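Small disclaimer: the values here were computed from a predicted structure and weren't measured.
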Amino acid sequence: MKLTALFGAVPLALAFTAAAQAGPVKVQGGTLTLPTTGIVITVADDPARDYMLGGSWSLSDSGSYDARDVVDELAVKGGALVRGNWILTGFFDAGNCDALIAALKVSNGWSAPHTLWGKQWQAGGGDYAFTNSIGTRPMVALCRTDKDGRGLLLQHFLIDRPAGMAKAAMLTELGQARILAAAAKGYAARSVQAPGQPGLGNVTNRGKNAAARTVRMELARIEFDLPDDGQFWIVTKPEAGKPDQSDRLDRLLPSMPDVSVEVARVPGTTCDKFFGMLKLPPIPGPWATQAAKPVVGVPAGWSVGPVTALETQLERMFCKPFGKDVLLAGYMAEKYSENAAPIAPLLNALAKARSY
């Protein structure tokens, strides 16, 4: 699935420990869920380091969204901050990795292709000026983009090193960044959190706009209040001049696995009649096993309809009466589509939708 929303802009020039001020979770090695990306990583315990895991996001007045996982590394002896890691994934506003690396706010910057952990990256680095007592420290970054346009940006901050570090030394340090190595591996394998799996870390809102807000579905002519459920949804507007579209919500927090919900309003019918009119093609063999799984986690009041196969995923249909009409919700998930738990709060909110 390719989200049409653009998000994950270049990180803001905020204090490095902005997320830490809200109280991230102290963790050791093991299996961890990165809270904003949803990537599940496995990292060995380091007897010399403690990890502080958190994340943050923000939504600007113009609708630009960005989020990042933050993993600080503290020395066990003394507790000093020695390394910092940011993990971001999305369809970045800056475009390709060359543009994204060039837009990083560093002095003495450089950029070059780099091979690491079995993948080709665009690397970049320089001196990053923090707005707090940390001052100016070396930062090195890696970026790569998948065929569908989704990008992964990894940033490594060398807090215990002075500014002016050489490029070769930065890349050497980056190669030893076990948190980022695990994140790159988890991303490549699409190891992502399952529905209901608790995320570790404290995710904070760095901005002033809330995830819970009133949105409108232009084609369905409804408005409703998005839930405050720890997720972040964005309305993807229909493309002008393209018929047979529906309204769409894309989940950005956590950003993986990809989850979207199409919303449509069908006048003058019932759910049973609408489902009975559908003539869908057979499910292709590779999707048959997953499509056959009964869907769970659907809120009361919603009827479960058929399953259809899209290019890269399944879409499961749900229906609810809406006056003399019906509301349809098409649940598309890159993984775990048989579990509707992630969209249950959204379906409950849609059930209270208002015409406009």
Please set out all donor-acceptor pairs under 3.5 angstrom arising from side-chain atoms of residues 175-186, sequence neighbours excluded.
unit_1: Arg178; atom_1: NH1; unit_2: Ala44; atom_2: O; d: 3.1

Enumerate, atom names and distances included, each donor-acceptor pair closer than 3.5 Å involving a side-chain atom of residues 293-306, sequence neighbours excluded.
unit_1: Trp302; atom_1: NE1; unit_2: Leu347; atom_2: O; d: 3.3

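A continuous path of ILVMFWY side-chain contacts below 4.5 Å connects Phe322 to Val215, so both sit in one hydrophobic cluster. Leu88 and Phe130 fall within a single hydrophobic cluster, where Ile, Leu, Val, Met, Phe, Trp and Tyr side chains are chained together by heavy-atom contacts under 4.5 Å. The hydrophobic clustering, which links ILVMFWY residues whose side-chain heavy atoms are closer than 4.5 Å, places Ile101 and Tyr128 together.
Nearest heavy-atom pair across Val40 and Gln193 is CG2-N, 3.6 Å. Of all heavy-atom pairs spanning Gln231 and Pro254, the tightest one is CG-CD, 4.4 Å. Annotation for Val106 and Met139: closest pair CG1-CE, 3.4 Å, computed over non-hydrogen atoms.
Without hydrogens or angle criteria, Asp229 side chain to Pro345 main chain gives no donor-acceptor distance under 3.5 Å. Judged by distance alone, with hydrogens and angles left aside, the side-chain atoms of Arg251 form a donor-acceptor pair with the main-chain N or O of Pro257 at under 3.5 Å. A donor-acceptor pair under 3.5 Å is formed between the side chain of Asn339 and the backbone N or O of Ala341. Distance alone, capped at 3.5 Å, is enough to place a donor-acceptor pair between the Trp121 side chain and the Leu116 backbone. Asp146 contributes no side-chain N or O that, together with a main-chain N or O of Gly149, makes up a donor-acceptor pair within less than 3.5 Å. At least one donor-acceptor pair under 3.5 Å links the side chain of Asp69 to the backbone N or O of Thr36.
Alongside Leu219, the hydrophobic cluster contains no other residue (criterion: ILVMFWY side chains under 4.5 Å). Summarising the hydrophobic clusters (Ile, Leu, Val, Met, Phe, Trp, Tyr; side-chain heavy atoms under 4.5 Å, direct or chained), the residues clustered with Ile283 are Trp287, Val307, Leu314.
Salt bridge status for Arg206 with Asp66: present, with a side-chain N to carboxylate O gap under 4.0 Å. Salt-bridge check for Asp247 with Arg216: failed, with every basic side-chain N at 4.0 Å or more from each acidic carboxylate O. Ion pair Arg83/Asp72 not flagged as a salt bridge, since none of the NZ, NE, NH1 or NH2 atoms sits closer than 4.0 Å to an Asp/Glu carboxylate oxygen.
When only modelled atom types and interatomic distance are considered, Ser337 and Gln290 share a side-chain donor-acceptor pair under 3.5 Å.
Screening residues 302-355 for disulfide (SG to SG under 2.5 Å), with sequence neighbours left out, gives Cys271-Cys319. Applying the ring pair (Phe, Tyr, Trp, His ring centres under 6.0 Å) test to residues at least two apart or on different chains, the pairs with a partner in residues 26-57 are Trp57-Phe232. Sorted by first and then second residue, the salt bridge (Lys or Arg N to Asp or Glu O under 4.0 Å) pairs involving residues 343-356 (not counting sequence neighbours) are Glu223-Arg354, Asp225-Arg354. Every pair passing disulfide (SG to SG under 2.5 Å) that includes a residue from residues 107-172 is listed here, sequence neighbours excluded: Cys97-Cys143.
Considering only residues two or more places apart in sequence or on other chains, Gln122 meets the side chain to side chain donor-acceptor pair (under 3.5 Å) condition with Ser111. Not counting sequence neighbours, the partners of Ser60 by the side chain to side chain donor-acceptor pair (under 3.5 Å) test are Ser62. Applying the salt bridge (Lys or Arg N to Asp or Glu O under 4.0 Å) test to Arg265 and every residue at least two apart in sequence or in another chain returns Asp325. Here Lys273 pairs with nothing under the salt bridge (Lys or Arg N to Asp or Glu O under 4.0 Å) rule; sequence neighbours left out.
The residue from Arg190, Lys335, Arg150 that alone fulfils the salt bridge (Lys or Arg N to Asp or Glu O under 4.0 Å) condition with Asp258 is Arg150.
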Please assess Gln28 against Asp50 for the test side chain to side chain donor-acceptor pair (under 3.5 Å), listing each intermediate value before the final yes or no. CA-CA 6 Å; Gln28 302 299 323; Asp50 287 328; 3.0 Å; yes

